[in-house]
Amino acid sequence: MLSATILSTVHIQLQVELVFSLIIMSALILFFVFAGKKVMAADPLEKPKGIVLVCETGIEMVYNYMKSIMPSRFEKRYYPYFAMLFVYLIVANLSGLIGFDAPTSNFSITLAMTLITFTLIQYNALKKKGGLTMLKN
């Protein structure tokens, strides 16, 4: 009886931005699965067109940008994460223009992305340099 009383007082409230963030992530997953199948089926000797052209252009654009701001030894390690973060942020911010609540307007979503990025970079630095070297620096 005690556990039922405790559970009856718990109220879970979903924030609107979190729901829209989940919708955006689901849409991106569906898009990338569809685009991935199209890219895999495309003939590499032919000129790209349609969604394959959009994907190749987007990948090249983000890759060149990453190359310009990161040392070459890091660009391949961080590229997939930052490319996905870039696409998510673009779509999330543009969703605010079409009537949705932009997920990036919520502090908790922005904080979560920041903490994940910080942890990723620190983990890779710790793995590369070792714990004692990082403590000395």
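Starting from 1, each residue takes its place in the sequence as its number. This one's a predicted model, so the numbers in the text were calculated from it and none came from an experiment.
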Query raised in the report: Are Leu14 and Ile23 connected in the hydrophobic side-chain network, where two residues link if heavy atoms are under 4.5 Å apart?
Result: yes

Query raised in the report: Atom CZ of Arg77 and atom NZ of Lys127: how far apart are they, to the nearest 0.5 Å?
Result: 6.5 Å

Query raised in the report: How about Ile90 and Phe86: do any of their side-chain heavy atoms sit closer than 4.5 Å?
Result: yes

Report summary line: In this structure, CG of Leu120 is separated from CG of Leu85 (nearest 0.5 Å) by 10.0 Å

Report summary line: Sorted by chain and residue number, the ring pair (Phe, Tyr, Trp, His ring centres under 6.0 Å) partners of Phe31 (sequence neighbours excluded) come out as none

Query raised in the report: Any side-chain heavy atom of Asp101 within less than 4.5 Å of one from Gln15?
Result: no

Query raised in the report: What's the shortest heavy-atom distance between Thr110 and Thr104, and which atoms?
Result: OG1-O, 3.2 Å

Query raised in the report: Are side-chain heavy atoms of Ser95 and Ile24 found at a separation under 4.5 Å?
Result: yes

Query - Derivation and outcome, side chain to side chain contact (heavy atoms under 4.5 Å, CB included), residues Glu60 and Thr57 - result: CA-CA 5 Å; Glu60 186 176 351; Thr57 305; 5.9 Å; no

Requested in this report: Verify the cluster assignment for Met113 and Ile29: are they in a single hydrophobic cluster under the rule of side-chain heavy atoms below 4.5 Å apart?
Outcome: no

Requested in this report: Test Pro48 against every option in Val39, Leu53, Asp43, Val54 by the side chain to side chain contact (heavy atoms under 4.5 Å, CB included) rule and name the one that passes.
Outcome: Leu53

Requested in this report: Consider only side-chain heavy atoms of I, L, V, M, F, W and Y, link residues closer than 4.5 Å, and tell whether Phe107 and Ile116 are in one cluster.
Outcome: no

Requested in this report: Give the minimum heavy-atom separation between Pro103 and Ala92, together with the two atoms involved.
Outcome: CD-O, 3.6 Å

Query - Flag side-chain contact, heavy atom, 4.5 Å: Lys67 against Ser72 - result: no

Query raised in the report: Quick one: does Phe100's side chain get under 4.5 Å of Leu94's, heavy atoms only?
Result: no

Query - CZ (Phe82) with more than 12 external heavy atoms under 6.0 Å - result: yes

**Report entry** Spatial distance of atom CE (Met25) from atom CZ (Phe20) [nearest 0.5 Å]
**Finding:** 13.0 Å

Report summary line: Nearest heavy-atom approach of Ala35 to Ile51 is CB-CG1, 4.2 Å

Report task. Look at the side chain of Ser26 and the backbone N and O of Leu22, then say whether any donor-acceptor pair between them is shorter than 3.5 Å. Result -> yes

Query raised in the report: Is there a path from Val62 to Ile69 through hydrophobic residues (I, L, V, M, F, W, Y) whose side chains come within less than 4.5 Å of each other?
Result: yes

**Report entry** Cluster check Phe118, Ile109: I/L/V/M/F/W/Y, side chain < 4.5 angstrom
**Finding:** no

Query raised in the report: Roughly how far apart are Lys49 NZ and Lys38 NZ, rounded to 0.5 Å?
Result: 10.5 Å

Query raised in the report: Passes side chain to side chain contact (heavy atoms under 4.5 Å, CB included), Val91 versus Leu28? Steps please.
Result: CA-CA 9 Å; Val91 173; Leu28 286 175; 4.0 Å; yes

Requested in this report: Look at atom CZ of Phe32 and say whether more than 12 heavy atoms of other residues, nucleotides or ligands are closer to it than 6.0 Å.
Outcome: yes

Report task. Report yes if the side chains of Met84 and Tyr79 come closer than 4.5 Å at any heavy-atom pair, otherwise no. Result -> no

